Amino acid sequence: MSATHLDIYLRHALSTASGPVLMDVALPLEAGTITALTGPSGAGKTTLLRLIAGLIRPQNGRITVDGKIWLDTGQRIFVPPQVRQAGMVFQDYALFPHLTVRQNIAFGLDKGDDPARVDELLQAVELTQLAQQKPHQLSGGQQQRVALARALVRRPRVLLLDEPLSALDRSMRQRLQDFILKLHQQYALTILLVTHDLAEIFRLADRVVELDNGKITRMGTPEAVFAGAHPFSEGPALYGEVISCRTEGEYVLIQALIDQRIHKFRLPAGQAAELLPGRSFLLRYSVDSPIVEVIR
Amino acid sequence: MDFEPLWLTFRLASLTTLILFGLALPLAYWLAYGKFRGRALVEAVIGMPLVLPPSVLGFYLLLAFSPSYAFGAWIEEVFGLRLVFSFPGLVVASVIYSLPFMVYPLQAGLQGLPVSLREASYSLGKSAWTTFFKVLLPNCKSAILTALVLTFAHTVGEFGVVLMIGGNIPGVTKVASVAIYNEVEALNYPAANQYALVLFVITFVVLLLVYSFNNRLLRVRYPS
């Protein structure tokens, strides 16, 4: 199965906490990529996913998927969500409480579909042992994996993930990111993922789209969007979050979380001025000294 | 003791509950999810029996059902059915009178479900119909039970409407609540007590079962 390319153009009135806002978005999703969708709450991220899935009708818009039209308000074409082949993972997972894990995943099968697909997905998310449990008997991370498997059962052309990992703790998050990456490769998926977590964006996404007030404000690779084009931007970069900083003479001793571990390093005071606790940064290797770029 | 009034009460209540369940399901779905003008009007009409004195409702139903007026005459001509002082008339009146007790719990139950359940089902290829029966209804068991029991109990407790349009014809319209009233009027307190006690005990036991079942259901669904 080859990956799917989507072209999305949408104009839709949003009602937000701060009044009505017109969403106006033109966005390609390259075949087989993971695109992160980020931005402040109320920017229209979830609405965008729901528009793509066909759960809401936009006033104006056009969505083509490998050249096939899902939506074209000009031609009055609206392919209903049932036929769209968009896998959706909801923020609250939306697992059916009265069905077991297996039944939840099998729910999406049509009559005559091979039930072996369910076993395959159970295996892919490592839940074969828990197939007979009900959702409320599972941990948050396990529920999340059921939701992922269920969204894949109909072999969707695009997988839409709405802040799938926001409710999970750090280690669980990392494990699920591994699952997403694995499924992404295994099924050649095109993925659009809503997230606020910079670490997640850098870890998962090929591209990032920032949405604010219904408009795309920035779009590009995570590094280009969050670090800006930098003359030294070749070579590896580590993403980290500042935990504490202490001035020691001309240097600042910084404690930071990099790749799930606490690291300490010293920087010249001039370079560390913006590295306050809670800030995120990219740490690059360079010939003379490390270069630190504060994100936003 | 004459069991006829009790038997009539339970027949009336069961039949009313059954008919109302079928009627209220689409109505509750429509009210819970539909986007339409005039919703307030529809909700007000459904809610009327909650606040209206039963005698008012009974009075207008009596006029409507009477064969000397257009609607009653039409019913009698087309269906050969007389709705005043008859059991079918009681059923129709009870369906109207207990409508909110069936519709409101169902509507609240449906509205209480996360929207994402419906949307997940749609994006998994299921129609609105399949979604309703396979996803939504199984997840409002507690609301369904409440609606059924409230409707049944409310119909058992009907008095004013029954008296207005049914009178007290033994075996036809003389239900338990009317029988109690008759016995008291005749100063026959022991007989009144028999009917009253049966209704009292049965109602209490049913409600007790419902609440323990609902609590168990909630504990399973949302373990603390």
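Predicted model only: the values in this text are computed from it and were never measured. Below, chain A is the first sequence line, B the second, and so on; all start at residue 1.
In terms of heavy-atom pairs under 4.5 angstrom with chain B, the leader among A:Ala147, A:Ala53, A:Ala86, A:Gly108 is A:Gly108. Residue with the most contacts toward chain B among A:Gln137, A:Arg50, A:Gln91: A:Arg50 (heavy-atom pairs, distance under 4.5 Å).
A:Asp66 and A:His5 are not linked by any side-chain donor-acceptor pair at a separation below 3.5 angstrom, with hydrogens and angles left out of the test. Checking B:Gln107 against B:Glu43 by side-chain atom types alone, a donor-acceptor pair falls below 3.5 Å.
Contacts of A:Val153 with chain B are made by side-chain atoms alone, with heavy-atom separations under 4.5 Å and no backbone atom involved. If you measure heavy-atom distances from A:Arg154 to chain B, the contacts under 4.5 Å come from the side chain alone. If you measure heavy-atom distances from A:Leu99 to chain B, you find no contacts under 4.5 Å at all. For a residue to count as touching a neighbouring chain, one of its non-hydrogen atoms must lie under 4.5 Å from one of that chain's; by this rule A:Leu95 touches chain B with the backbone only. At a 4.5 Å heavy-atom cutoff, the contact between B:Ser121 and chain A is made by backbone and side-chain atoms alike.
Relative to the ring axis of A:Phe107, B:Lys126 places its NZ or CZ within 45° and under 6.0 Å from the centre. For the pair B:Arg118 and B:Phe132, the cation does not sit on the ring face, since its NZ or CZ is not both under 6.0 Å from the ring centre and inside 45° of the axis. A cation-pi arrangement is found for A:Arg117 relative to A:Tyr187, the charged atom lying closer than 6.0 Å to the ring centre and inside a 45° cone about the ring normal.
For B:Arg11 and B:Glu4, the salt-bridge test fails: no basic side-chain N is under 4.0 Å from an acidic carboxylate O.
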